[in-house]
Amino acid sequence: MFVPVDGGDLAVELHDGNTAPVLAVHGVSGSRKLWDRVAAHGFTLITPDLRGRGDSCDLPGATTRQHADDMVRVLDALDLASVTVAGMSMGGYVAVDLAVRHPDRVRALVLVDGGLPMPMHAHMTEEMVAAVLAPQLAARERTWTVEEYLAVQAAANPLVDPSDPLTREYFAHDLTPDGRLRLSGEALAADTRDVVFGESRWRELTVPTWFVHAEWSVGPDSAPAYTVEQAAEYRAALPVLREPVLINEVDHGGTVMTTAGAAVTAEVLAEALK
């Protein structure tokens, strides 16, 4: 379905399940297909393609605040007063903004390796952000077959299984029929800078909040986005935050894109829905 928002229409996929509805928000370079493995656990998911991604690729004006405003439009279009919201990576920051500014629309919050300030961001500069974004921006300059695109992803991260049907569907959704990446460079840059350099209002959260984090960041044995100690510090500082849940032997994307990671995330989401 498409939901009217400022500047155009936002693409939204609805997953039929046996739970109360959950609004699930993907990360900075992802798409709504990020949540397919979690949806397979029987959840009723509402999964939008955020501005500048997938079927919403042509929508301009991406910021954390704008994405959150778009999520309100999605809930309005579905006549949903209040739902549990899950956000992965940048989607966690969108979810936090939504919950802080519209607490009446969020009954509970599940943050998956995002949403709380990543300590590594405190040391990043504009030059470092530009270097991180360079490969993804370069990928927009050529055409890809699904096989080529999958092979590049698997070469960059050995945890990506190119033979897995859901993994293939996820990366295929990134491409237009003629092989162009459906990711706005402007949205990617703006959202990344918003997350890295923007002010987070996480201390203002008032809704019940769960936090899931990965042992690694990108690939086996890489430094995590959040250490166990850092997660515990957030737990101590935020009264509404439940005990953080560490997912062992998965990386950032693997929290929802691997069988093991999605299973743990699904367990936490089920707890938040009670």
Side-chain angles (χ1 to χ4, degrees), residues 22 24-30 34-35 37-38 41 43 64 84-97 99-100 106 108-124 128-129 132 156-161 192 194-274:
V22 176
V25 190
H26 66 73
V28 68
S29 60
L34 182 77
W35 295 100
R37 207 176 300 272
V38 175
H41 285 262
F43 293 100
T64 299
T84 294
V85 178
M88 188 269 171
S89 191
M90 184 203 75
Y93 297 91
V94 174
V96 167
D97 188 79
V100 168
V106 180
L109 196 61
V110 177
L111 304 176
V112 183
D113 225 31
L116 302 173
M118 291 186 185
M120 68 179 71
H121 289 168
H123 308 290
M124 294 192 74
M128 293 169 70
V129 169
V132 169
N157 186 345
L159 297 179
V160 172
D161 179 5
T192 301
D194 211 7
V195 167
V196 173
F197 302 120
E199 290 294 324
S200 172
R201 299 177 63 183
W202 65 275
R203 293 182 184 274
E204 300 175 51
L205 285 169
T206 58
V207 303
T209 301
W210 282 257
F211 179 57
V212 182
H213 60 116
E215 181 178 3
W216 306 317
S217 55
V218 182
D221 301 320
S222 55
Y226 306 90
T227 65
V228 171
E229 293 75 18
Q230 289 161 346
E233 290 173 2
Y234 282 122
R235 170 72 177 89
L238 185 62
V240 297
L241 183 62
R242 275 42 176 180
E243 189 68 28
V245 176
L246 172 68
I247 310 181
N248 290 301
E249 297 187 348
V250 303
D251 66 359
H252 184 66
T255 54
V256 289
M257 289 184 65
T258 64
T259 299
V264 176
T265 297
E267 288 179 7
V268 174
L269 186 54
E271 181 67 25
L273 282 165
K274 291 180 180 177

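Scope of the values below: all heavy atoms of this structure, side chains included, with no hydrogens, waters or symmetry mates.
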On a heavy-atom basis, which atom in [X] and which in [Y] lie closest, and how many Å separate them?
{"X": "Ala95", "Y": "Val85", "value": "CB-CG1, 3.7 Å"}
{"X": "Ala108", "Y": "Ala272", "value": "CB-O, 3.9 Å"}
{"X": "Ala225", "Y": "Met118", "value": "CB-SD, 3.9 Å"}
{"X": "Val268", "Y": "Val110", "value": "CG1-CG1, 4.2 Å"}
{"X": "Gly27", "Y": "Ser89", "value": "CA-CB, 4.2 Å"}
{"X": "Ala237", "Y": "Pro239", "value": "O-CD, 3.6 Å"}

Notebook entry, point to check: Looking at Thr255, Val264, Leu269, which one forms a side-chain contact (heavy atoms from CB on, under 4.5 Å) with Val112?
Noted result: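 Among Thr255, Val264, Leu269, the one that satisfies the side-chain contact (heavy atoms from CB on, under 4.5 Å) with Val112 is Thr255.
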Checklist line | Name of the residue among Asn248, Ile247, Val250, Asp221 meeting side-chain contact (heavy atoms from CB on, under 4.5 Å) with Trp216 | finding: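 Per the side-chain contact (heavy atoms from CB on, under 4.5 Å) rule, the option paired with Trp216 is Asp221, out of Asn248, Ile247, Val250, Asp221.
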Check: Does the pair Trp35 and Val22 meet the rule for a side-chain contact (heavy atoms from CB on, under 4.5 Å), with working shown?
Finding: CA-CA 11 Å; Trp35 295 100; Val22 176; over 6 Å; no
Margin query: For the CD atom on Glu249, are there more than 12 heavy atoms of other groups (residues, nucleotides or ligands in this structure) within a distance under 6.0 Å?
Written below: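 No - once you tally the heavy atoms of other residues, nucleotides and ligands closer than 6.0 Å, there are 12 at most.
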Would you indicate whether the side-chain heavy atoms of [Y] and [X] approach each other to under 4.5 Å?
{"X": "Val195", "Y": "Val28", "value": "no"}
{"X": "Glu204", "Y": "Val96", "value": "no"}
{"X": "Thr265", "Y": "Met88", "value": "no"}
{"X": "Val256", "Y": "Arg37", "value": "no"}
{"X": "Leu116", "Y": "Ser200", "value": "no"}
{"X": "Arg242", "Y": "Phe211", "value": "no"}
{"X": "Thr84", "Y": "Leu109", "value": "no"}

Next item on the list: Take Val207 and Val240 through the side-chain contact (heavy atoms from CB on, under 4.5 Å) test and state the conclusion after the steps.
Entry: CA-CA 6 Å; Val207 303; Val240 297; 6.0 Å; no
Check: Roughly how far, to the nearest 0.5 Å, is CE of Met257 from CG of Asp251?
Finding: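 Separation between the atoms: 9.5 Å.
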Quick one: does any side-chain atom of [X] pair with a main-chain N or O of [Y] as donor and acceptor, under 3.5 Å?
{"X": "Arg235", "Y": "Leu241", "answer": "yes"}
{"X": "Ser217", "Y": "Ala223", "answer": "yes"}
{"X": "Tyr93", "Y": "Gly198", "answer": "no"}

Notebook entry, point to check: Does one side chain, of Thr64 or Asp97, offer a donor that lies under 3.5 Å from an acceptor on the other?
Noted result: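 Per modelled atom types, Thr64 and Asp97 side chains form no pair under 3.5 Å.
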Item checked: With sequence neighbours excluded, residues passing side-chain contact (heavy atoms from CB on, under 4.5 Å) with Val218 ->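 side-chain contact (heavy atoms from CB on, under 4.5 Å) list for Val218, sorted by chain: Asn157.
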Item checked: Test log, rule side-chain contact (heavy atoms from CB on, under 4.5 Å), inputs Leu205 and Leu238 -> CA-CA 8 Å; Leu205 285 169; Leu238 185 62; 4.0 Å; yes
Next item on the list: May I ask you to decide if the ring planes of His41 and Phe43 are parallel, tilted or perpendicular, using 30° and 60° as cut-offs?
Entry: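 Tilted.
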Next item on the list: For residues 232-274, pull every pair meeting ring pair (Phe, Tyr, Trp, His ring centres under 6.0 Å), keeping only residues two or more places apart or in separate chains.
Entry: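 Of all non-adjacent pairs touching residues 232-274, those that pass ring pair (Phe, Tyr, Trp, His ring centres under 6.0 Å) are Trp202-Tyr234.
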